[in-house]
A.B. asks: 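A single structure is presented below for examination.
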Amino acid sequence: MENHYTCSVINDALLALIVRFVGGNYDIHLCDNAFIQQQMNDIQAHINQFPIEEQNYQALVWIERYAKTYRERWEGEMIASELQRKRCEDCPLTNKSEYACQIHQAWLDLLQQYIQERISSQKYIEDTLQLLDEHKRVLKLRVGA
């Protein structure tokens, strides 16, 4: 049986909030087995460069140094991957297309920047609100409001 994580175990508070609100009714699962297997492969590749008698120690050193950031990066990648496939059910811009609308795509670009730590959470929030505000004005002009 495959293990799954739900939103409640996401370590990054902003990402957890995003998943709860953007994910909405969607069931977003983060597969535990894939993460553990990839991490084990990376640890093994790291310790293989040391003599056998040092490998157990070096595995512990790797875990102490990198496990937290490794998990955070993995969570971000999984969340971005899951949200890439989600569509706003009532989006007036998609015309029932399988592709994300321009707003969703721009937001996904911001999310990727945040996950890759190219922008801060403050900058992510500011830019997301600005994106929504800009497109809200465009939509009002289209419907003549």
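As the structure is a computational prediction, the values presented were derived from the model and not from experiment.
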A.B. asks: Spell out, as yes or no, whether a donor-acceptor pair under 3.5 Å connects the side chain of Gln55 to the backbone of Ile47.
C.D. replies: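 Yes, the answer is positive, given that a donor and an acceptor are paired below the 3.5 Å cut-off.
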A.B. asks: According to side-chain hydrogen bond (donor to acceptor under 3.5 Å, both in side chains), who are the partners of Gln130, at least two apart in sequence or on a separate chain?
C.D. replies: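 With sequence neighbours excluded, Gln130 shows a side-chain hydrogen bond (donor to acceptor under 3.5 Å, both in side chains) to Glu134, given in chain and number order.
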A.B. asks: Do other residues, nucleotides or ligands put more than 12 heavy atoms under 6.0 Å from Phe50 CZ?
C.D. replies: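 Check passes, neighbour count above 12.
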A.B. asks: Counting neighbours of CD on Glu64 that are heavy atoms of other residues, nucleotides or ligands and sit closer than 6.0 Å, is the number greater than 12?
C.D. replies: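 Atom CD in Glu64 is not crowded, with 12 or fewer foreign heavy atoms closer than 6.0 Å.
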A.B. asks: Membership question, hydrophobic clusters at under 4.5 Å side-chain separation (ILVMFWY): are Ile52 and Val61 in the same one?
C.D. replies: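 No, it is not one cluster - the side chains of Val61 and Ile52 are not joined through contacts under 4.5 Å.
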A.B. asks: If you round to the nearest 0.5 Å, how far is CD1 of Ile115 from CG of Leu108?
C.D. replies: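 The CG atom of Leu108 sits 9.0 Å away from the CD1 atom of Ile115.
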A.B. asks: Would you say Ile63 ends up clustered with Tyr66 if hydrophobic residues are merged whenever their side chains have heavy atoms under 4.5 Å apart, either directly or through other cluster members?
C.D. replies: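 They do share one cluster, since a chain of ILVMFWY contacts under 4.5 Å joins Tyr66 to Ile63.
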A.B. asks: Which atoms form the tightest heavy-atom contact between Ile43 and Ala59, and what is the distance?
C.D. replies: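 Nearest pair, atom of Ile43 first, then Ala59: CG2-CB, 4.0 Å.
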A.B. asks: With sequence neighbours excluded, tell me which residues meet side-chain hydrogen bond (donor to acceptor under 3.5 Å, both in side chains) with Glu54.
C.D. replies: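 So Glu54 forms no side-chain hydrogen bond (donor to acceptor under 3.5 Å, both in side chains) with any residue.
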A.B. asks: Take a 6.0 Å sphere around OH of Tyr70 and say whether it holds more than 12 heavy atoms from other residues, nucleotides or ligands.
C.D. replies: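 Counting neighbours around OH of Tyr70, more than 12 heavy atoms of other residues, nucleotides or ligands fall under 6.0 Å, so yes.
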A.B. asks: Residues in side-chain contact (heavy atoms from CB on, under 4.5 Å) with Leu60, at least two apart?
C.D. replies: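 Leu60 satisfies side-chain contact (heavy atoms from CB on, under 4.5 Å) with no other residue.
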A.B. asks: What distance separates Thr128 OG1 from Trp107 CH2, expressed to the nearest 0.5 Å?
C.D. replies: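 The CH2 atom of Trp107 is 8.0 Å from OG1 of Thr128, to the nearest 0.5 Å.
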A.B. asks: Might you point out which heavy atoms bring Asp42 and Trp62 nearest each other, and give the distance in Å?
C.D. replies: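 So the two residues come closest at CB-CZ2, 4.4 Å.
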A.B. asks: Scan residues 101-126 for pairs that pass salt bridge (charged side-chain N to carboxylate O under 4.0 Å, His left out), counting only residues two or more places apart or in two chains.
C.D. replies: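 Checked against salt bridge (charged side-chain N to carboxylate O under 4.0 Å, His left out) - neighbours excluded - the pairs reaching residues 101-126 are Lys123-Asp127.
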A.B. asks: Holding to side-chain hydrogen bond (donor to acceptor under 3.5 Å, both in side chains), I want the full list of residues that pass it with Asn56, two or more places apart in sequence or in another chain.
C.D. replies: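 By the side-chain hydrogen bond (donor to acceptor under 3.5 Å, both in side chains) rule, Asn56 matches no residue at all.
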A.B. asks: Look at the side chain of Asn48 and the backbone N and O of Gln44, then say whether any donor-acceptor pair between them is shorter than 3.5 Å.
C.D. replies: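 Yes, the answer is positive, given that a donor and an acceptor are paired below the 3.5 Å cut-off.
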A.B. asks: Tell me, please, which residues at least two apart from Glu53 pass side-chain hydrogen bond (donor to acceptor under 3.5 Å, both in side chains).
C.D. replies: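 In terms of side-chain hydrogen bond (donor to acceptor under 3.5 Å, both in side chains), with neighbours along the sequence ignored, Glu53 is linked to no residue.
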